[in-house]
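Everything quoted here is computed from the prediction, not taken from an experiment. One-based numbering, in listed order, for ligands and for the atoms of each.
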Amino acid sequence: MAKIILNKAQVSQLVWDNRYPVKEEEKFISRCIDGRYEKNSKLKSQMSKLENNYFLPALAIPGADLGELALILACANNFGFEIDHEKVFQSLIKVIGGLKNFSYHTDSHHGGLALGCGHFGQILKDFIAYNLQKKDVNFLEKKLKFLEKQGVLPVVLQGEHNEGAVLLIKGNWAVYPRYYLATDEGKKLIEVFVYHQSLADERRKILSKRLIDDGAVILYPGCEVDYLYQVMSNEAENHFFETLNRLAKDLPIYSVVFDDEGRFDIKKR
Ligand SMILES: [Zn+2]
Ligand SMILES: [Zn+2]
């Protein structure tokens, strides 16, 4: 099946039907930018307090929490400050509300713990492009094994990639990435990559403070929380576009800005 590259009208239709409000108590639980999550993707038992509550996290970032962990390690390499890998992991766990909330994924045909995550797959293939070192990759893989041992398992996404656009979202609404679009040849499955910019920013602000308070990151004198937040935002953009350039080069990017009532404005970037 040929992939449909989505125009603005098609994206509007998807967003209109697939938008849902962000729940305050779940807003720091993440998912990946991957377009294959279903409305009711069973997030297994890792969401302890959310067990039997099938919801899709609104906060979509590359690689989910695994990608965020990689991001912090990359910041240290790229901006030349010191970190304690283990403390970084613990700080992230605190911010997400416990180990059981650690979100990562694979897919049904790649298997493994996170091999089906396109973002993580690219990191493994070319970690230098992501400002990571071999020891960082080893650390990430060690943590995956640890999570598995603790019963914190990956979400297993099903099917092929059908993403036809990239959405950058701002506001207190989120978007399910899979949709059946009515076309002349009947309904067709379409998907979008989703990055939830404003929720990602919000969590990174809290994470920067946590990392400093926990001594997970040792900055140069004079560099404070704002600096770390800025650095993380820059590196996050690097990581996101590195992966887009590899996996979504031909796709249009749309920014989607929601107001509180769920009305939205879409612009092609
Ligand atoms: Zn795959
Ligand atoms: Zn992924």
Could you give the distance from CD (Gln133) to CG (Asn77), rounded to the nearest 0.5 Å? 4.0 Å
Between side-chain atoms of residues 119-127 and protein atoms elsewhere (two or more places apart, or another chain), which donor-acceptor pairs fall under 3.5 Å?
residue: His119; atom: ND1; partner: Thr243; partner atom: OG1; Å: 2.6
residue: Gln122; atom: OE1; partner: Arg246; partner atom: NH1; Å: 3.0
residue: Asp126; atom: OD2; partner: Arg246; partner atom: NH2; Å: 2.6

With sequence neighbours left out, write down each residue that passes salt bridge (charged side-chain N to carboxylate O under 4.0 Å, His left out) with Lys170, or none if nothing qualifies.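 Residues passing salt bridge (charged side-chain N to carboxylate O under 4.0 Å, His left out) with Lys170: none at all.
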Relative to each other, are the rings of Tyr195 and Phe240 parallel, tilted or perpendicular (30° and 60° limits)? tilted
Please indicate whether Lys209 has more than 12 foreign heavy atoms, meaning atoms of other residues, nucleotides or ligands, lying under 6.0 Å from its NZ.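 Counting other residues, nucleotides and ligands, NZ of Lys209 stays at 12 neighbours or fewer.
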How about OH on Tyr20, more than 12 heavy atoms from neighbouring residues, nucleotides or ligands closer than 6.0 Å, or not? yes
Mind listing the protein N/O/S atoms less than 2.8 Å away from the Zn ion (ligand 1)? Waters don't count.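 Under 2.8 Å from the Zn ion (ligand 1) - ignoring waters, which are not counted - the protein N, O or S atoms are Asp107 OD2, His109 NE2, His110 ND1.
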Name every donor-acceptor pair, under 3.5 Å, that has one atom in a side chain of residues 137-154 and the other anywhere in the protein, sequence neighbours excluded.
residue: Lys143; atom: NZ; partner: Glu86; partner atom: OE1; Å: 2.8
residue: Lys143; atom: NZ; partner: Glu86; partner atom: OE2; Å: 3.4

Rounded to 10 degrees, the angle SG of Cys32 makes with SG of Cys117 at the Zn ion (ligand 2): 120°
Would you say His119 reaches the Zn ion (ligand 2) with an N/O/S atom under 2.8 Å? no
